[in-house]
Amino acid sequence: MDETPLERERRAKVARWRSERREPYPWSFPGRVPTEDVRTRCLALSAGQEAEGDPVRVAGRLHALRVHGGTAFADIDDLSGSLQLILRADVLGEGPYHAWMGDLDSGDLIGAEGRPALSRRGEPSLVATRVELLAKAISPPPEKFHGLQDVEERLRRRYLDLLSSAETRARFRARSVLVRETRSFLDEAGFLEVETPVLVPLAGGGTAQPFSTYSNYLGEEVRLRIALELALKRLLVGGLERVYELGKCFRNEDLDVTHSPEFTMLEAYWAYADYLDMKGLVERLYARLASRVGTLLPDVPAAQEAAQAFASGFHTVDFVEELEHRSGISRLIERKPSELREYARAAGSTVPDDSPPGVFLDKLFEHYVEPHLLRPTFVLDYPAVTTPLAKRHRSRPGFVERFEFYYRGMELGNAYTELNDPDEQFRRFEEQLSSRVEDRFAYDEDFVQALRYGMPPATGIGIGIDRMVMALTGTFSIKDVILFPLVRARLP
RNA sequence: GGGCCCGUAGCUUAGCCCGGUAGAGCAGGCGGCUCUUAACCGCAAGAUCAGGGGUUCGAAUCCCCUCGGGCCCGCCA
């Protein structure tokens with residue numbers, strides 16, 4: 001690996017330390033507290049005052065060093081935030097102080113021991129009585145003020161993005177907390193978290209293109225799952241009643257601002273309940289997540305906006321009513337497929353002429369309605385032609401019991417009262433198999449067999465976790481909520 | 001699949017239209033400075049201008065190709 005002159009300079013410092021029998025990469029730094037603790041203790045102090053009592057130990061990455069002759073101000077970052085260390089020649093000793101000024105570089109991981117103090121200018125600080133190098137940084141960090149601007153570098157080398165951006169750290173921390181809250185919420189609601197296979201002989205539950213690989217043991221091709229649905233419904237047949245899985249699914253499709261080939265899906269299935277029960281569950285889940293994000297990201301306006309929006313509840317619209325209202329097209333349900341096709345063409349869609357009529361309705365909805373679904377909104381009761389796998393509506397002929405929900409024009413999830421009639425399921429699989437446009441549909445014969453044993457009436461939902469995090473953290477690209485998004489390998 | 005845009009020092013960038021030996025800030029080196037916080041002041045150093053080819057006396061700049069990336073549209077879901 002090529003070294004820059006800067007890196008050679010830093011490596012020389014490591015060599016010098018070693019020659020002096022000092023360790024540039026020590027083993028631990030016991031007794032350290034988060035810098036947050038120091039900031040908290042500083043609240044009780046007045047400017048220029050130093051706290052009494054035992055010294056405390058903090059550790060973090062050095063990101064700025066301002067040297068004023070015999071006093072230096074060193075800013076360190078840890079996960080809890082940033083803290084200024086005050087290093088003084090008269091406290092550390094002239095010799096050690098000047099040695100540290102020569103040895104320290106931004107990016108180094110250091111530890112310090114000392115007393116909390118407010119600087120004369122009122123900055124929460126730690127007056128260091130002792131400094132330790134915990135790991136020498138050979139490569140310099142990104143520029144301190146602008147940070148890492150290159151989008152490609154941010155994605156390919158996320159560690160640089162994280163170490164130079166407190167905002168990025170806060171966003172991914174928020175993601176972890178939101179996922180944990182989601183799990184707690186479902187656990188408390190009596191759902192059982194399960195793990196089903198990622199490697200499957202047949203990638204069912206949708207018509208996305210799967211990734212393929214090969215099992216040496218089986219001597220067969222296997223695929224990566226595209227959805228969790230069919231495995232989880234089998235568990236309902238098996239009597240697990242309330243189950244969910246939160247895990248990776250894979251679709252061999254394009255990556256754009258709302259799609260990633262590898263993404264995190266939550267699916268939950270709830271026996272003896274229907275889609276309106278699920279609607280209530282979603283609303284409660286999002287209210288809880290909103291209250292968490294409000295305190296997690298106090299400095300992110302879009303996150304605060306999302307927190308408020310979800311806290312005040314969802315708005316509900318009817319699929320057909322809303323589409324007729326927005327498009328100005330009346331009596332949509334009575335229209336012939338050819339008419340729907342013409343309307344879809346007029347809206348700019350280029351889907352094939354022989355697509356099922358539901359496809360045209362979907363295109364019209366995408367074009368006329370989705371951009372307007374800015375507030376958290378449930379879209380309720382879809383025409384049956386748009387949705388092959390939901391149960392028919394109990395009181396509205398030609399419709400199914402289904403809702404999707406949206407925020408800022410982005411689809412966040414999709415729920416049904418699930419189809420559990422095995423013969424009906426078989427017919428719909430057959431239809432999909434015979435449809436020219438869905439030639440990559442995988443027929444899972446054993447799933448129909450499972451339904452023959454009886455699946456309880458149930459509701460189910462799929463929620464894209466990446467999009468959920470985007471919505472709640474006010475992020476506009478899915479790549480900004482995935483730590484290591486898929487990128488092309490760099491040729492040597 | 002179609003269109004638009006970007007790639008200059010470790011990082012952030014100016015220069016590109018209108019061709020004439022690449023200019024700065026941060027970081028790093030040396031010197032100064034005991035309350036700064038994008039610290040400051042002085043000195044010196046650092047660049048196959050993404051890669052390849054072409055036009056030209058001369059290319060970071062104009063043209064073509066390749067690589068990597070971003071955005072929009074379409075498709076997919």
Side-chain angles (χ1 to χ4, degrees), chain A residues 2-13 47-48 62-76 82-92 94 97 101-102 104-108 117-125 127 137-157 160-161 163-164 205-210 226-227 249-261 263 265 347-352 355 359 362-363 366-367 404 411 414 437-441 462 464 467 476-477 479 485 487-492:
Chain A
D2 287 347
E3 269 196 358
T4 65
L6 272 71
E7 289 169 331
R8 278 195 292 276
E9 195 73 48
R10 290 173 174 224
R11 194 175 285 291
K13 292 182 184 179
L62 180 66
H63 69 91
L65 182 63
R66 297 177 292 281
V67 186
H68 298 248
T71 296
F73 302 90
D75 296 337
I76 63 166
S82 188
L83 180 71
Q84 172 171 277
L85 307 177
I86 299 179
L87 312 177
R88 297 173 57 121
D90 56 2
V91 174
L92 293 167
E94 286 289 336
Y97 172 84
M101 293 307 109
L104 290 178
D105 289 299
S106 67
D108 289 351
L118 269 194
S119 74
R120 281 178 218 160
R121 297 285 175 91
E123 176 76 19
S125 306
V127 177
I138 300 294
S139 299
E143 201 248 13
K144 66 183 176 186
F145 186 64
H146 299 90
L148 193 62
Q149 295 298 310
D150 188 297
V151 177
E152 181 182 354
E153 283 295 288
R154 282 212 312 255
L155 302 181
R156 284 184 187 274
R157 304 206 284 178
L160 287 182
D161 182 24
L163 75 83
S164 64
T207 56
Q209 186 74 43
I226 58 169
C249 289
F250 306 85
R251 295 182 180 180
N252 210 339
E253 311 271 357
D254 287 356
L255 187 154
D256 63 32
V257 288
T258 54
H259 298 81
S260 170
F263 64 105
M265 175 87 110
S349 170
T350 60
V351 285
S355 303
V359 170
D362 278 340
K363 292 293 158 196
E366 272 174 34
H367 182 261
E404 290 198 319
E411 183 203 328
N414 184 19
V437 290
E438 302 203 36
D439 56 352
R440 47 198 198 179
F441 178 77
R467 290 184 183 187
F476 284 90
S477 170
K479 292 180 206 174
V487 284
R488 206 173 294 277
R490 240 175 201 163
L491 298 172

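Heavy-atom basis, side chains included; hydrogens, waters and symmetry copies ignored. Letters A, B, ... are given to chains in the order of the sequence lines, protein chains preceding strands, and every chain is numbered from 1.
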Can a side-chain donor-acceptor contact be found between A:His146 and A:Glu143 if the only test is distance below 3.5 angstrom?
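Note: A:Glu143 and A:His146 side chains meet the donor-acceptor criterion.
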
[X] [atom1] to [N] [atom2], straight-line distance once rounded to whole Å:
X	N	atom1	atom2	result
A:Arg120	B:rC35	CZ	P	6 Å
A:Asp256	B:rC72	CG	C1'	11 Å
A:Phe145	B:rU12	CZ	C1'	10 Å
A:Ile138	B:rA27	CD1	C1'	15 Å
A:Ile226	B:rA77	CD1	P	9 Å
A:Leu85	B:rC35	CG	P	17 Å
A:His259	B:rG74	NE2	P	12 Å

Spacing of the [atom1] atoms in [M] and [N] (rounded, Å):
N	M	atom1	answer
B:rC64	B:rU56	C1'	16 Å
B:rA47	B:rG28	C1'	16 Å
B:rG25	B:rU8	C1'	15 Å
B:rA27	B:rG51	P	28 Å
B:rA24	B:rC49	C1'	16 Å
B:rU13	B:rC6	C1'	14 Å
B:rC75	B:rG3	C1'	15 Å
B:rG31	B:rU37	C1'	23 Å

Base, sugar-phosphate or nothing for [X]? Non-hydrogen atoms, less than 4.0 Å.
X	value
A:Arg66	base
A:Val67	base
A:Ser125	nothing
A:Thr350	sugar-phosphate

Determine yes or no for a side-chain-to-main-chain donor-acceptor pair under 3.5 angstrom, with [X] supplying the side chain and [Y] the backbone.
X	Y	result
A:Arg467	A:His259	no
A:Arg11	A:Ile138	no
A:Asp108	A:Ala137	yes

I'd like to check [X] versus [Y] (side-chain heavy atoms, cut-off strictly below 4.5 Å). Are they in contact?
X	Y	result
A:Val257	A:Ser477	yes
A:Leu148	A:Pro141	no
A:Phe263	A:Arg251	yes

If you check every side-chain atom of [X], which of [options] has the closest atom?
X	options	answer
A:Val351	B:rA77, B:rG69, B:rC75	B:rC75
A:Thr71	B:rC35, B:rA27, B:rU34	B:rU34
A:Pro352	B:rC35, B:rG69, B:rC76	B:rC76

Restricting both atoms to N or O, compile the protein contacts to nucleotides 1-11 of chain B shorter than 3.5 Å, with distance only.
unit_1, atom_1, unit_2, atom_2, d
B:rC11, O2', A:Glu143, N, 2.8

For A:Ser164, give me all partners under side chain to side chain donor-acceptor pair (under 3.5 Å), at least two apart in sequence or on another chain.
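None.
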
With A:Phe250, which residues qualify under ring pair (Phe, Tyr, Trp, His ring centres under 6.0 Å), at least two apart?
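Ring pair (Phe, Tyr, Trp, His ring centres under 6.0 Å) check on A:Phe250 returns nothing, list empty.
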
Please name all residues satisfying ring pair (Phe, Tyr, Trp, His ring centres under 6.0 Å) with A:His68, sequence neighbours left out, ordered by chain then number.
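Partners of A:His68 by the ring pair (Phe, Tyr, Trp, His ring centres under 6.0 Å) criterion, ordered by chain and then number, come out as A:Phe73.
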
Does A:Arg66 have any salt bridge (Lys or Arg N to Asp or Glu O under 4.0 Å) partners at least two apart in sequence or in another chain, and if so, which?
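Here the qualifying residues are A:Asp75.
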
Set of residues satisfying side-chain contact (heavy atoms from CB on, under 4.5 Å) with respect to [X], sequence neighbours excluded:
X	answer
A:His367	A:Ala347
A:Ser139	A:Glu7
A:Glu123	A:Gln84, A:Ser119, A:Ser125
A:Glu366	A:Lys363, A:Glu370

Assign each of A:Glu411 and A:Leu155 to its nearest nucleotide of RNA chain B by heavy atoms, then name whichever residue's nucleotide is nearer the 5' end.
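The residue closer to the strand's 5' end, by nearest nucleotide, is A:Leu155.
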
For A:Arg10 and for A:Leu118, find the nucleotide of RNA chain B with the closest heavy atom, then tell me which residue's nucleotide is more 5'.
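With A:Arg10 and A:Leu118 compared, the 5'-side residue is A:Arg10.
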
Would you please enumerate the stems RNA chain B participates in, each stem being three or more consecutive Watson-Crick or G-U wobble pairs with both distances under 3.5 Å?
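RNA chain B stems, ordered by first number: B:1-7 with B:67-73, B:10-13 with B:23-26, B:29-32 with B:40-43, B:50-54 with B:62-66.
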
Any N/O pairs under 3.5 Å between the protein and nucleotides 29-31 of chain B? List them or say none.
unit_1, atom_1, unit_2, atom_2, d
B:rG29, OP1, A:Lys13, NZ, 2.9

Output yes when at least one side-chain N/O atom of A:Lys363 is less than 4.0 Å from OP1 or OP2 of B:rG74, else no.
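Negative; the distance criterion is not met.
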
Contacts under 3.5 Å, N or O only, protein and nucleotides 41-44 of chain B:
none

